[in-house]
There are 2 protein chains.
Amino acid sequence: MRLIVARCEIAYSGRLATHLAEAIRLLMIKADGTVMVWSDSGGQRVRPQNWMSPPTVIEEHGQPLERLVVRKLRGEEQLEIRVAEVLSDALHEMGPPIEVPALQKDGEERDLQELLAERPQCCGEGFRLVRREWPTDIGPVDLMCRDEAGAWIAVEIKRLATIEAVEQLTRYLERLKHDPALADCRGVLAAQSFKPQARVLAEARGLRCVEIDLQALRGDRAPELQLFAA
Amino acid sequence: MRLIVARCEIAYSGRLATHLAEAIRLLMIKADGTVMVWSDSGGQRVRPQNWMSPPTVIEEHGQPLERLVVRKLRGEEQLEIRVAEVLSDALHEMGPPIEVPALQKDGEERDLQELLAERPQCCGEGFRLVRREWPTDIGPVDLMCRDEAGAWIAVEIKRLATIEAVEQLTRYLERLKHDPALADCRGVLAAQSFKPQARVLAEARGLRCVEIDLQALRGDRAPELQLFAA
DNA sequence: GTCTTTATTTCGATT
DNA sequence: AATCGAAGTAAAGAC
């Protein structure tokens, strides 16, 4: 990885056009060809001010560095950096890619869906899983279940249930009910947490909200089932 | 900005939980309190492997550095970095925040709206603009037009039209039609590109989809602004 | 490859 | 402060 601290001016053109007036910035050039531009403070905090992702071709001009042109291998994107002054320029050897361990994540929506697919009864008493990712022509329903009476239930799973999740589930139900066999299909929104507005809208539409406790679900003990009154 | 290259192991807990096994990484600590963790190669390219945005409290232990704990000022998030070996540790003065120039952008949705407002006929033959940002109590309609016969058309503009754009336009139309004068109002979705699902839903609801060529639109007005020759 | 959805989305604007 | 919508979204997964 090469880290350059420089006073520079930057122009990007591609998906849109941007311009950055001259200032001191960090230029980060990764081994995989990624180029990023960072300022120490200002608007962008966790995102670079400018960047280009691989595959890139990097042209370097001047000794010391005067100009850096980054081009996308395929496509009409270009990042042009005019360097007025180099304050630091260091190359760091950070080991072969093979030795880079992957990030282990736990607690994403996928984990939640997997756990609920294993224990559909957490979404409602007596629920049995019929299919995960039930296809419709406007996207897949997370879980399709039937209850003890054989009635259908479409389950939408979110980490955080927003008003948008309610809309999504509503669309699915609207679509599913076109099939006479699913005309009685109900909707359940299962999430770790709910925005107040989402809860209100869901209830107004006759959708049930089920708050999921990931820890309880993951534990061996019988998970608690907490329902909001409908 | 402080840049540390170190062999380290990292654990994050907060919105979810992650773990990174020991490897050489860049630790980037910005003046605004942002902390980011970067690997030279691997999965994440333009996004850090781990991060915490301000406001943060950073605890530093050991001389040389052995442990770095980053906590969110308000909230239950924590990033713990166990440092096995420091390969480089440099502090860079990058000037006061006031001198950091903002990013100038051109080519966003707003630009598209401006261009279409100048040329409403691109959204449909004979369209005349009545008003841009026509107010409703659920938000403004991008363009309100009338055709040669005097019929009303609500135009929703997107760079990329998704199913959500169809929902938005549907809501506007439902709202507008409460006014008897606008009871015949039609809907047009204008976008640079369309998701297939958005097309399906739009057609099912009787909305017309119009694909906009930004280059052509802009070329009509100011050909010299074209960056890449065809 | 294409297409779709998620994200510790981030980010800015508006209420 | 909370909400809403856009992003050069990026990146992972399904088909």
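Note that these values count all heavy atoms, side chains included, but never hydrogens, waters or copies made by symmetry. Naming convention: chains lettered A, B, ... in sequence-line order (proteins, then strands); numbering from 1 in each chain. Keep in mind that what you see is a predicted model, and the values were worked out from it rather than measured.
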Do you know which of Gln49(B), Met52(B), His19(B) makes side-chain contact (heavy atoms from CB on, under 4.5 Å) with Tyr12(B)?
Met52(B)

Salt bridge or not between Arg171(B) and Glu156(B)? Use side-chain N to carboxylate O under 4.0 Å.
no

Verify whether one side chain among Asn50(B) and Thr18(B) offers a donor that lies under 3.5 Å from an acceptor in the other.
yes

Check: dG5(D) base within 3.5 Å donor-acceptor of Glu109(B) side chain
no

Atom pairs under 3.5 Å, N or O on each side, protein against nucleotides 13-15 of chain C: can you list them with distances?
none

Just checking Lys72(A): base, sugar-phosphate only, or nothing, at a heavy-atom cut-off of under 4.0 Å?
nothing

Using the P atom as the reference point in each nucleotide, state the distance between dT8(C) and dG5(D) in Å, no decimals.
22 Å

Would you say Gln168(B) places a side-chain N or O within less than 4.0 Å of OP1 or OP2 belonging to dC4(D)?
no

Could you state the atom-to-atom distance from CD of Glu114(A) to P of dT5(C) in whole Å?
19 Å

Residue pair Gln192(B) / Lys158(B), side-chain heavy-atom distance below 4.5 Å
no

Rounded to whole angstrom units, what separation is found between the CD1 atom of Ile163(B) and the P atom of dG5(D)?
16 Å

Gap between atoms CD and P, on Glu108(A) and dA7(C) respectively (whole Å)
6 Å

Among the nucleotides dT8(C), dA11(D), dT4(C), whichever has the atom closest to the side chain of Trp51(B) is dT8(C)

Assign each of Pro140(A) and Leu16(B) to its nearest nucleotide of DNA chain C by heavy atoms, then name whichever residue's nucleotide is nearer the 5' end.
Pro140(A)

So which atom in Cys8(A) and which in Leu27(A) form the shortest heavy-atom distance, rounded to 0.1 Å?
SG-CD2, 4.2 Å

If every non-hydrogen atom of Cys123(B) is compared with every non-hydrogen atom of Val188(B), which pair is closest and at what distance?
O-CG1, 3.9 Å

Any salt bridge between Arg15(B) and Glu108(A), counting N to O under 4.0 Å?
no

Spacing of Arg47(A) atom CZ relative to dA7(C) atom P, expressed in whole Å
15 Å

May I ask you to check whether Ser53(B) and Lys72(B) show a side-chain donor-acceptor distance below 3.5 Å?
yes

Please report the distance, rounded to the nearest Å, between CG in Asn50(A) and C1' in dA7(D).
14 Å

Spacing of the P atoms in dG8(D) and dC4(D) (rounded, Å):
22 Å

Does Lys105(B) put a side-chain nitrogen or oxygen below 4.0 Å from OP1 or OP2 of dA7(D)?
no

Are any of Arg15(B)'s side-chain N or O atoms less than 4.0 Å away from OP1 or OP2 of dT6(C)?
no

Which one, dT8(C), dT4(C), dC11(C), comes nearest to the side chain of Gln197(B)?
dT4(C)

Take the protein atom CZ of Arg199(B) and the nucleotide atom C1' of dT2(C), then report the distance between them rounded to whole Å.
16 Å

Nucleotide dG12(C), atom C1' - distance to CD of Gln104(B) in whole Å:
15 Å

With distance as the sole criterion, is a donor-acceptor pair present between the side chains of Thr170(A) and Arg205(A) under 3.5 Å?
yes

Counting any heavy atom closer than 4.0 Å, what does Glu164(B) reach on the DNA or RNA strands: base, sugar-phosphate only, or nothing?
nothing

Val155(A) to Ala190(A) - nearest heavy-atom pair and separation
CG1-CB, 4.2 Å

Base, sugar-phosphate, or nothing: which does Lys195(B) touch, judged by heavy atoms less than 4.0 Å apart?
base

Considering only atom C1', compute the distance from dA7(C) to dC11(C) and round it to an integer number of Å.
14 Å

Considering residues at least two apart in sequence or located in another chain, which fulfil the ring-ring contact (aromatic ring centres under 6.0 Å, His included) criterion with Trp51(A)?
none

Any N/O pairs under 3.5 Å between the protein and nucleotides 12-15 of chain D? List them or say none.
none

Atom-pair distance (CZ on Arg45(A); P on dT10(C)), nearest Å:
9 Å

